[in-house]
J.: 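Right, I'll just put the structure down here and ask away after.
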Amino acid sequence: MAVNSRLTKIAGMIRKGDRVADIGTDHAYLPVFLIREKIASYAYACDVADGPLLNAKANIERLNAKNIELRKGDGLNAVEPNEADTFIIAGMGGDLIIKILSDCDWIKNDKYELILQPMTSVEDLHAFLFNSGFEIINEQAVISAGRVYSVIKAIFCGVNRKCSAKEYYLGRLTDNIGPAELVYIKRKRRILAKLAEDIKDIESKVDRYNGIIEVIREIDELVGL
């Protein structure tokens with residue numbers, strides 16, 4: 001079964017042998033891939049709606065995939081504590097990922113790993129993680145279907161802090177800059193340059209403007225612009 005580069009990138013960030021819960025599984029492509037490639041030892045394909053679960057069931061049966069369990073539930077309520085080691089929340093808005101994590105107290109435990117792939121509001125997710133005691137231990141970019149995405153690996157460390165401007169806009173993408181990260185960072189620079197131009201004369205936004213200008217300077221130093 002072929003999976004796209006976005007799902008392959010997510011799969012590559014998972015510890016071999018982990019029990020995995022895919023929250024918002026849709027067609028269960030990722031759980032099936034993880035089991036068939038012997039990356040995960042067991043997988044929960046979770047969704048809040050019947051339609052995606054029916055699609056997931058059909059794919060699991062068609063591909064004769066073992067060790068995958070369907071679960072219906074809202075967010076992390078679909079699984080119990082200690083049932084999984086790694087939780088994947090991917091392919092949805094960053095605001096929804098924030099809500100899912102905020103609604104679950106037991107996920108704040110350093111024995112769990114989170115693989116998060118927001119489609120929107122990446123910056124707000126960065127800020128939430130830092131402010132809520134999570135540490136981003138790895139972040140990579142991936143290009144899929146002509147778009148570039150960020151994939152975040154995080155654990156709970158128990159230290160709440162405000163993220164810097166660079167962490168807010170780029171997370172940990174600057175730690176190891178490959179071709180996809182470079183595309184992401186340059187795209188973000190263009191967006192930040194436009195935003196800075198729009199707010200530069202607004203007195204109430206002077207702190208935000210200064211933060212953006214500092215991030216642009218750091219990007220220019222990193223990528224040689």
Side-chain angles (χ1 to χ4, degrees), residues 1 3-48 52-53 56-57 59-60 63-92 94 96-119 122 125-126 128-130 132-140 142 149-160 171-172 175-176:
M1 181 190 72
V3 296
N4 63 33
S5 56
R6 184 173 61 88
L7 296 184
T8 302
K9 176 66 71 173
I10 292 168
M13 296 176 77
I14 295 169
R15 294 176 300 198
K16 189 174 178 61
D18 269 13
R19 300 165 299 162
V20 173
D22 183 27
I23 308 301
T25 196
D26 198 12
H27 290 74
Y29 291 140
L30 185 55
V32 170
F33 180 78
L34 294 174
I35 293 295
R36 291 180 65 137
E37 295 298 314
K38 296 181 171 52
I39 296 169
S41 59
Y42 198 88
Y44 298 92
C46 310
D47 215 289
V48 70
L53 288 174
K57 183 174 185 291
N59 281 324
I60 291 167
L63 296 164
N64 194 31
K66 308 297 184 184
N67 295 329
I68 301 177
E69 185 175 336
L70 295 171
R71 289 286 183 87
K72 183 178 180 180
D74 187 6
L76 291 165
N77 291 325
V79 289
E80 297 293 331
N82 302 315
E83 284 191 315
D85 310 297
T86 292
F87 298 84
I88 303 166
I89 313 176
M92 61 186 76
L96 182 52
I97 295 175
I98 290 169
K99 182 180 186 306
I100 289 171
L101 294 175
S102 298
D103 288 346
C104 181
D105 289 331
W106 55 258
I107 200 63
K108 291 186 173 183
N109 190 311
D110 62 6
K111 68 181 179 181
Y112 301 130
E113 290 198 346
L114 305 176
I115 310 294
L116 313 173
Q117 188 272 298
M119 305 297 276
V122 184
L125 180 56
H126 287 149
F128 167 82
L129 290 170
F130 283 111
S132 303
F134 292 94
E135 179 185 2
I136 299 174
I137 60 173
N138 190 7
E139 186 166 1
Q140 300 176 27
V142 60
Y149 303 95
S150 170
V151 183
I152 298 165
K153 185 173 188 174
I155 59 170
F156 185 71
C157 66
V159 178
N160 296 16
R172 299 288 298 273
D175 288 359
N176 294 287

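Residues take their numbers from the sequence shown, with the count starting at 1.
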J.: What heavy-atom pair brings Ile68 and Ala45 nearest, and what distance separates the two atoms?
T.: CG2-CB, 4.2 Å

J.: Please name the pair of heavy atoms, one in Ser5 and one in Val142, separated by the smallest distance, quoted to 0.1 Å.
T.: O-CG2, 3.4 Å

J.: Measuring centre to centre across the rings, with the benzene-like ring taken for any Trp, is Phe156 within less than 6.0 Å of Tyr112?
T.: no

J.: Side chains of Lys111 and Asn82: does their closest heavy-atom pair fall under 4.5 Å?
T.: yes

J.: Does some side-chain heavy atom of Leu114 sit less than 4.5 Å from a side-chain heavy atom of Ile107?
T.: yes

J.: Counting C-beta onward and ignoring hydrogens, is there a side-chain heavy-atom pair between Tyr42 and Glu69 closer than 4.5 Å?
T.: yes

J.: How many angstroms lie between NZ in Lys9 and CD1 in Ile115, if you round to the nearest 0.5 Å?
T.: 11.5 Å

J.: Using a strict cut-off of less than 4.0 Å between a Lys/Arg side-chain nitrogen and an Asp/Glu carboxylate oxygen, indicate whether Arg71 and Glu83 qualify as a salt bridge.
T.: yes

J.: So do the side chains of Leu125 and Leu116 get within less than 4.5 Å of each other, counting heavy atoms only?
T.: yes

J.: Is there side-chain contact between Tyr44 and Thr25, with heavy atoms separated by less than 4.5 Å?
T.: no

J.: I'd like to know if Lys153 and Glu139 make a salt bridge, using a cut-off of under 4.0 Å between side-chain N and carboxylate O.
T.: no

J.: I'd like to check Val20 versus Pro31 (side-chain heavy atoms, cut-off strictly below 4.5 Å). Are they in contact?
T.: no

J.: May I ask you to check whether over 12 heavy atoms, not counting those of Lys16, lie within 6.0 Å of atom NZ?
T.: yes

J.: So which atom in Ala11 and which in Leu34 form the shortest heavy-atom distance, rounded to 0.1 Å?
T.: CB-CD2, 3.7 Å

J.: Can a donor-acceptor pair be found between the side chains of Thr86 and Asp18 at a distance below 3.5 Å?
T.: yes

J.: Supply the atom-to-atom distance Ile10 CD1 to Ile89 CD1, rounded to the nearest 0.5 angstrom.
T.: 11.0 Å

J.: Could you report the tightest heavy-atom contact between Gly17 and Ser41, atom names first, then the distance?
T.: O-OG, 2.8 Å

J.: Please check if the side chain of Asp47 supplies one atom and the backbone of Asp26 the other of a donor-acceptor pair under 3.5 Å.
T.: yes

J.: Under 3.5 Å, is there a donor-acceptor pair linking the side chains of Lys57 and Asn59?
T.: no

J.: Roughly how far, to the nearest 0.5 Å, is CD1 of Ile39 from CD1 of Ile14?
T.: 6.5 Å

J.: I want to check something: taking the side chain as every heavy atom from C-beta on, are Tyr149 and Met119 in contact at a cut-off of under 4.5 Å?
T.: yes

J.: Please assess Arg172 against Gln140 for the test side-chain contact (heavy atoms from CB on, under 4.5 Å), listing each intermediate value before the final yes or no.
T.: CA-CA 8 Å; Arg172 299 288 298 273; Gln140 300 176 27; over 6 Å; no

J.: Under the criterion side-chain contact (heavy atoms from CB on, under 4.5 Å), I'd like the reasoning laid out for Glu135 against Val159: C-alpha separation, chi angles, the key distance, then a yes or no.
T.: CA-CA 8 Å; Glu135 179 185 2; Val159 178; over 6 Å; no

J.: Under the criterion side-chain contact (heavy atoms from CB on, under 4.5 Å), I'd like the reasoning laid out for Val79 against Cys46: C-alpha separation, chi angles, the key distance, then a yes or no.
T.: CA-CA 8 Å; Val79 289; Cys46 310; 3.9 Å; yes

J.: Minimum heavy-atom separation for Leu70 and Ala56, please, with both atom names.
T.: CD2-CB, 3.7 Å

J.: Say you draw a straight line from CG of Asp74 to CG of Asp103; how long is it, rounded to the nearest 0.5 Å?
T.: 7.0 Å

J.: Supply the atom-to-atom distance Leu96 CG to Leu101 CG, rounded to the nearest 0.5 angstrom.
T.: 9.5 Å

J.: Counting only heavy atoms not in Asn176 (residues, nucleotides, ligands), do more than 12 fall under 6.0 Å from its CG?
T.: no

J.: To the nearest 0.5 Å, what is the distance between CD on Gln117 and CG on Leu7?
T.: 8.0 Å

J.: Stepwise, does the side-chain contact (heavy atoms from CB on, under 4.5 Å) test hold for Ile155 with Phe134?
T.: CA-CA 6 Å; Ile155 59 170; Phe134 292 94; over 6 Å; no

J.: In the structure I gave you, are the side-chain heavy atoms of Leu129 and Ile98 within less than 4.5 Å of one another anywhere?
T.: no

J.: Does Arg19 offer a backbone N or O that forms a donor-acceptor pair with the side chain of Asp85 under 3.5 Å?
T.: yes

